[in-house]
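Counting starts at 1 for both ligands and their atoms, following the listed order.
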Amino acid sequence: MRALVYHGPGQKSWEEVPDPAILKPTDAIVKVETTTICGTDLHILKGDVPAVIDGRILGHEGVGTITEVGSAVTDLAVGDRVIISCISSCGKCIYCKQGVYSHCQAAEGAPGIGWIFGHLIDGTQAEYVRVPFAETSLYRVPEGVRDELAVLISDILPTGHEIGVQYGAVRPGDVVAVIGAGPVGLAAITTAGLYGPSRVIAVDLDANRVEMAKSFGATDGVVASDSDWREQIIAMTDGLGVDVSIEAVGVPATWDMALAVVRPAGHVANVGVHGKPVEFPLDKAWIENLTITTGLVNTDSSPMLIKLLAQGKLDVGGFISHRFKLDEIIEAYDVFGRAAETKALKVVMAV
Ligand SMILES: NC(=O)c1ccc[n+]([C@@H]2O[C@H](COP(=O)([O-])OP(=O)(O)OC[C@H]3O[C@@H](n4cnc5c(N)ncnc54)[C@H](O)[C@@H]3O)[C@@H](O)[C@H]2O)c1
Ligand SMILES: [Zn+2]
Ligand SMILES: [Zn+2]
């Protein structure tokens, strides 16, 4: 088969590789029909995620059809159309039983990290992928849900919802700032709407993304390169700061921004994948009663999000800005990597 293979920082190629095979009775093989690129893939290519080795097939998002199942897989069958969750979970370990799938103790590669596709095992930017713990890591696509919407359940919708909105504890009436209006930030903006905030402020360096965010539920936008970006945000509150600030970029500057706009007793939810340490001003934070959360997506809210998607209650069709054939993936990376110029949000590759 053909796949997108990582060859060290800055290096990748679409090349011929061996087809995946069932290795364990709980595995399934999925023919990937739709996949996409995540901001995390860009971090990997920058060298921010050193656990990814030369030769690894990238990608942790996908939708496809099961072509083979291991002998222990009884609830899924060849021909089922499925969403591949970016988190693999055994369903049996102590963390999986708590719904903290991100720390599945049975995960391959490095027990204790549920995100393994395109990281510790081969991923979904390929014609076929082996899915460990298939029954607890794949979701059937409901009738009538298009692949390119279903693929948003692999990662960005649960990530924005769980690590941004749920960990940030967004409540009715809250003013929420989302720093970073890339696909993950937009997913946080859209799913924040499920909890009735009074205002959702999209903040990004890219004025186009700030504008786009308004069609996905942001009530306001601030361009982060404005010298008075902080004053603009504070003026949208009662003067004390936002109730919840969600960091969805993953660089020290945006971590600082998220802390700079939150009110005393507010919540800061970090979603971004950081490649460097940040300044943690505990000397100022303690007396402000701040709640600061971090996390790797669990995907425990995916079944709920799939239900909303199937009912047309999550208006996320506009997240997809560009469509490519699977074998045009190198071009798709180029477009996604230059989002400010190309106005890319989610780029989708399909067979
Ligand atoms: N925690 C998790 O489980 C998890 C899961 C998936 C993705 N992520 C992370 O979420 C982050 C966002 O992912 P994405 O796919 O939306 O990425 P993306 O690169 O498409 O979006 C990032 C956005 O941040 C903006 N930005 C950059 N610097 C900025 C600054 N100084 N001020 C304001 N905005 C700035 C960019 O213009 C861009 O719009 C990434 O770090 C990704 O790795 C985390
Ligand atoms: Zn991702
Ligand atoms: Zn587990």
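- No N or O atom of Ile163 sits closer than 3.5 Å to an N or O atom of ligand 1.
- Taking a cutoff of 4.0 Å between a charged side-chain nitrogen and a carboxylate oxygen, Lys325 and Glu328 do not qualify as a salt bridge.
- Numbered from 1 in the order shown, with element, the atoms of ligand 1 that lie under 4.0 Å from a heavy atom of Leu296 read 3 (O).
- Between Lys31 and Glu127, no side-chain nitrogen of the basic residue sits less than 4.0 Å from a carboxylate oxygen of the acidic one, so the salt-bridge criterion is not met.
- Partners of Met212 under the side-chain contact (heavy atoms from CB on, under 4.5 Å) rule, at least two apart in sequence or in another chain, are Asn208, Phe216, Leu345.
- Protein heavy atom at the shortest distance from atom 38 (C) of ligand 1 is Arg209 NH1, 3.1 Å.
- By the 3.5 Å distance cut-off applied to N or O atoms, Gly272 is not counted among the residues near ligand 1.
- Contacts of Glu143 classified as salt bridge (charged side-chain N to carboxylate O under 4.0 Å, His left out), with partners at least two apart in sequence or in another chain: none.
- Taking only nitrogen or oxygen atoms, main chain and side chain alike, Asp206 does not reach within less than 3.5 Å of ligand 1.
- Among protein heavy atoms, atom 42 (C) of ligand 1 sits closest to Thr40 OG1, 3.4 Å.
- Checked against a 3.5 angstrom limit, the closest N/O atoms of Pro183 and ligand 1 fall inside it.
- By the 4.0 Å N-to-carboxylate-O rule, Asp243 lies too far from Arg171 to be salt-bridged with it.
- Looking at heavy atoms from C-beta onward, Pro303 lies out of side-chain contact with Ile306 at the 4.5 angstrom threshold.
- The side-chain heavy atoms of Tyr128 and Val30, taken from C-beta on, include no pair separated by under 4.5 Å.
- Contacts between Ala248 and ligand 1, counted as non-hydrogen atom pairs separated by less than 4.0 Å, involve the backbone only.
- Proximity of Thr159 to ligand 1, defined as any heavy-atom pair under 4.0 Å, is confined to the side chain (atoms from C-beta onward).
- An N or O contact shorter than 3.5 Å is missing between Cys38 and ligand 1 by distance.
- Comment: Asp147 engages Arg81 in a salt bridge, judged by a side-chain N to carboxylate O separation of less than 4.0 angstrom.
- At a 4.0 Å heavy-atom cut-off, ligand 1 touches Thr254 through the side chain alone.
- Remark: ligand 1 and Val273 share an N or O pair separated by less than 3.5 Å (distance only, no angle test).
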Derivation and outcome, side-chain hydrogen bond (donor to acceptor under 3.5 Å, both in side chains), residues Thr124 and Glu61: CA-CA 6 Å; Thr124 56; Glu61 299 166 87; over 6 Å; no
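- Looking from atom 3 (O) of ligand 1 to the surrounding protein, the closest heavy atom is Val297 N, 2.9 Å.
- A salt bridge links Arg56 to Asp122: one of the charged nitrogens lies within less than 4.0 Å of a carboxylate oxygen.
- Within a radius of less than 2.8 Å around the Zn ion (ligand 2), the protein N, O or S atoms are Cys38 SG, His60 NE2, Asp155 OD2.
- Scanning all heavy atoms of the two residues, the minimum distance from Asp48 to Gly275 falls at CG-CA, 4.0 Å.
- Ile329 places none of its side-chain heavy atoms less than 4.5 Å from the side chain of Phe324.
- Closest protein heavy atom to atom 23 (C) of ligand 1: Asp204 OD2, 3.6 Å.
- Residue Val203 has no N or O atom closer than 3.5 Å to an N or O atom of ligand 1.
- Listed by chain and residue number, the protein N/O/S atoms under 2.8 Å of the Zn ion (ligand 3) are Cys90 SG, Cys93 SG, Cys96 SG, Cys104 SG, with waters left out.
- Contact annotation for Ile156 and ligand 1: no heavy atom of the residue comes within less than 4.0 Å of the ligand.
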Salt bridge (charged side-chain N to carboxylate O under 4.0 Å, His left out) evaluation trace for Asp238 with Arg263: CA-CA 10 Å; Asp238 55 6; Arg263 68 199 286 116; 3.0 Å; yes
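- With a heavy-atom cut-off of 4.0 Å, His43 touches ligand 1 through its side chain alone.
- The backbone N or O of Ser301 lies less than 3.5 Å from a partner atom in the side chain of Glu162, making a donor-acceptor pair.
- Residue, atom and distance of the protein heavy atom nearest to atom 19 (O) of ligand 1 are Gly39 CA, 4.3 Å.
- Near Gly295, with a cut-off below 4.0 Å to any heavy atom, the atoms of ligand 1 are 1 (N), 2 (C), 3 (O).
- Residue Leu42 has no nitrogen or oxygen atom sitting less than 3.5 Å from a nitrogen or oxygen atom of ligand 1, judged on distance alone.
- By the 4.0 Å N-to-carboxylate-O rule, Glu16 lies close enough to Arg2 to be salt-bridged with it.
- In terms of polar-atom proximity, Asp155 is not counted as a contact of ligand 1, lacking any N or O under 3.5 Å from an N or O of the ligand.
- With respect to Glu108 and Arg130, a salt bridge is recorded, a charged nitrogen being found less than 4.0 Å from a carboxylate O.
- Any N or O atom pair closer than 3.5 Å counts here, and Val249 shares at least one such pair with ligand 1.
- Looking from atom 13 (O) of ligand 1 to the surrounding protein, the closest heavy atom is Val184 CG2, 3.4 Å.
- Ring planes of Phe280 and Trp255: tilted class, angle from 30 to 60°.
- By the 6.0 Å contact criterion, CD on Gln311 is open, its count of non-hydrogen atoms from other residues, nucleotides or ligands being 12 or less.
- Close contacts of ligand 1 with Ala224, meaning ligand atoms under 4.0 Å from a residue heavy atom, involve 32 (N), 33 (C).
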